Student: 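One structure is given below, represented as structure tokens, and several questions about it will come after.
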Amino acid sequence: MRTLRTIAEVRTALKGARRDGRSIGFVPTMGALHEGHLQLIRTARDHHDEVVVSIFVNPTQFNDAADLAAYPRVEASDAEAAANAGAGLLFAPSADEMYPAGFATSVHVGGPSERLEGASRPGHFDGVATVVTKLLNIVGADVAYFGQKDAQQLAVVRQLVADLNIPTTIEAVETVRDADGLALSSRNARLTPADREQALALSRALRAAQDIVASANGAAASAEDVLAAARAEFAARGIAPDYVELVDPTTFIPLPAVDGDALVAVAARVGDVRLIDNLPLTRNGSH
Ligand code: AMP
């Protein structure tokens, strides 16, 4: 696997592949790679001739300077893990390469960016949309892979790619979890053992919501019932969640009931770490 630092090098490296009709799969990340990221890379490897992974801790999507400073940076071990999972090219640019002096553009996606994470983290999705637009333009992949773990980011990226006619297909990869249900996240490394136990509230809340949908036996479970069950899991652990919501998975508008495709989304601060998780639901149970 080759590690490249500049945009020009990436374009040069991929020119031949594109000319020869070799398909390119792309996995954008912020590094500190775990099994969730590796699953995205393996999925890309299974479907493409060339697999490009980017590692860039994008400063413009952090609305909290302490979170940016604490974000783990372990490029050497990431490079080894990415290569083993099937990456052929690692793009790891500096902040100056991505945002040179004079940079003056921000991409704002409306619609699905407005609520939940968008409301909790002002400016976050503008930073995400701007860097994803740049990365998709730099790599020019056939398909880019994003995790279901960041469901709202996925919806924002889908909206962005459709609205701006970016010729890369967006594919989602299911959330990878630890055996006890905790969704893998680079931020989990900052949880103390006690925090980690409390953090199970998120996945348990999702499971409780799913159980309500399943017990409705094909009827449309109400948001009230679904969310009450989810909130009870937070209350049982003494955690006040940032939000517990039932939304449309494309628009992120709240739904009154699980009557078709829906998503239960949760966020909570546990110790020093803000965690998010979600679960797609359908009228007959989870996907
Ligand atoms: P990040 O490095 O946190 O920006 O994540 C890079 C990509 O990996 C994003 O598309 C995430 O949604 C995805 N991802 C992060 N955690 C997981 C997980 N537990 N399972 C599946 N995908 C994930």
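The structure presented is a predicted model; accordingly, all values stated were derived computationally and were not measured. Worth knowing before you read on, the calculation uses all heavy atoms, side chains too, and leaves out hydrogens, waters and symmetry mates.
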Student: Taking the side chain as every heavy atom from C-beta outward, state whether His48 and Ile24 have any pair of such atoms under 4.5 Å apart.
Tutor: no
Student: Could you list all the salt bridge (charged side-chain N to carboxylate O under 4.0 Å, His left out) pairs where at least one residue sits in residues 145-172, not counting sequence neighbours?
Tutor: none
Student: Between Asn188 and Ala183, is there a donor-acceptor pair closer than 3.5 Å when you use the side chain of the first and the backbone of the second?
Tutor: yes
Student: Look at the side-chain heavy atoms of Ile, Leu, Val, Met, Phe, Trp and Tyr, link any pair under 4.5 Å apart, and say whether Val247 and Leu275 land in one connected group.
Tutor: no
Student: Indicate the atoms forming the closest heavy-atom contact of Phe146 with Pro28, along with that distance.
Tutor: CZ-CG, 3.7 Å
Student: Would you say the side chain of Asp64 lies within less than 4.5 Å of the side chain of Phe62, judging by non-hydrogen atoms?
Tutor: no
Student: How close do Ala267 and Ile276 get, counting heavy atoms only, and between which atoms?
Tutor: CB-CG2, 3.7 Å
Student: Considering only heavy atoms from C-beta outward, does the side chain of Arg283 approach that of Val213 to under 4.5 Å?
Tutor: no
Student: I'd like to check Pro167 versus Asn165 (side-chain heavy atoms, cut-off strictly below 4.5 Å). Are they in contact?
Tutor: no
Student: Do any pairs count as a ring pair (Phe, Tyr, Trp, His ring centres under 6.0 Å) and have a residue in residues 236-280, sequence neighbours left out, and if so which ones?
Tutor: none
Student: Kindly indicate whether the side chain of Pro254, heavy atoms from C-beta on, has any atom under 4.5 Å from the side chain of Leu246.
Tutor: no
Student: Rounded at 0.5 Å granularity, tell me how far CD in Gln39 sits from NE2 in His34.
Tutor: 11.5 Å
Student: What closest approach, in Å, do Glu50 and Ala17 show between heavy atoms, and which atom pair accounts for it?
Tutor: CG-CB, 3.8 Å
Student: Do Thr60 and His124 come within less than 4.5 Å of each other through their side chains, counting heavy atoms only?
Tutor: no
Student: Tell me yes or no: between the side chains of Thr29 and His37, is some donor less than 3.5 Å from an acceptor?
Tutor: no
Student: Applying salt bridge (charged side-chain N to carboxylate O under 4.0 Å, His left out), which residue pairs with at least one partner in residues 178-187 are found, sequence neighbours left out?
Tutor: Asp67-Arg187, Asp178-Arg196, Asp180-Arg196
Student: Going by side-chain heavy atoms closer than 4.5 Å, which hydrophobic residues are tied to Tyr145, directly or by a chain of links?
Tutor: Met1, Val27, Leu33, Leu38, Leu40, Ile41, Val51, Val53, Ile55, Leu90, Val143, Val173
Student: Donor-acceptor pair, distance only, cut-off 3.5 Å: does the side chain of Asp20 make one with the backbone of Arg22?
Tutor: no
Student: Report yes if some heavy atom in the side chain of Leu206 is under 4.5 Å from a heavy atom in the side chain of Asp277; otherwise report no.
Tutor: yes
Student: Any side-chain hydrogen bond (donor to acceptor under 3.5 Å, both in side chains) pairs touching residues 75-86, not counting sequence neighbours?
Tutor: Arg5-Glu75
Student: Return the minimal non-hydrogen interatomic distance between Val270 and Leu191, and the atom names on each side.
Tutor: O-CD2, 3.8 Å
Student: If a pair satisfies ring pair (Phe, Tyr, Trp, His ring centres under 6.0 Å) and one of its residues is in residues 72-105, list it, with sequence neighbours excluded.
Tutor: Tyr99-Phe103
Student: When you compare the side chain of Glu9 with that of Arg2, does any pair of heavy atoms fall below 4.5 Å?
Tutor: no
Student: Who passes salt bridge (Lys or Arg N to Asp or Glu O under 4.0 Å) against Glu35, sequence neighbours left out?
Tutor: Arg42
Student: Taking side chain to side chain contact (heavy atoms under 4.5 Å, CB included) as the test, write out the residues that go with Ser94, two or more places apart.
Tutor: Asp96, Glu97
Student: Please name the pair of heavy atoms, one in Thr168 and one in Ala144, separated by the smallest distance, quoted to 0.1 Å.
Tutor: CG2-N, 3.5 Å
Student: Asp195: what forms a salt bridge (Lys or Arg N to Asp or Glu O under 4.0 Å) with it, not counting sequence neighbours?
Tutor: none
Student: Please determine whether residues Ile166 and Ile7 belong to a single hydrophobic cluster, defined as Ile, Leu, Val, Met, Phe, Trp and Tyr linked transitively by side-chain heavy-atom distances below 4.5 Å.
Tutor: yes
Student: Give me each pair satisfying salt bridge (charged side-chain N to carboxylate O under 4.0 Å, His left out) with a member in residues 115-132, each pair once, sequence neighbours excluded.
Tutor: Arg115-Glu245, Glu117-Arg274
Student: Knowing that exactly one of Asp261, Asn278, Leu281, Leu154 qualifies, which makes a side-chain contact (heavy atoms from CB on, under 4.5 Å) with Pro249?
Tutor: Asp261
Student: If every non-hydrogen atom of Ser120 is compared with every non-hydrogen atom of Asn63, which pair is closest and at what distance?
Tutor: O-ND2, 4.0 Å
Student: Hey, what do you get for CG (Leu4) to CG (Leu89), rounding to the nearest 0.5 Å?
Tutor: 4.5 Å
Student: Taking distance alone, no hydrogens or angles, what donor-acceptor pairs closer than 3.5 Å link side-chain atoms of residues 217-229 to residues at least two apart or in another chain?
Tutor:
residue : atom : partner : partner atom : Å
Ser222  : OG   : Asp225  : N            : 3.1
Ser222  : OG   : Asp225  : OD2          : 3.4

Student: Side-chain donor-acceptor pairs under 3.5 Å in residues 132-141, sequence neighbours left out?
Tutor:
residue : atom : partner : partner atom : Å
Thr133  : OG1  : Ala129  : O            : 2.6
Lys134  : NZ   : Met98   : O            : 2.9
Asn137  : ND2  : Thr133  : O            : 3.3

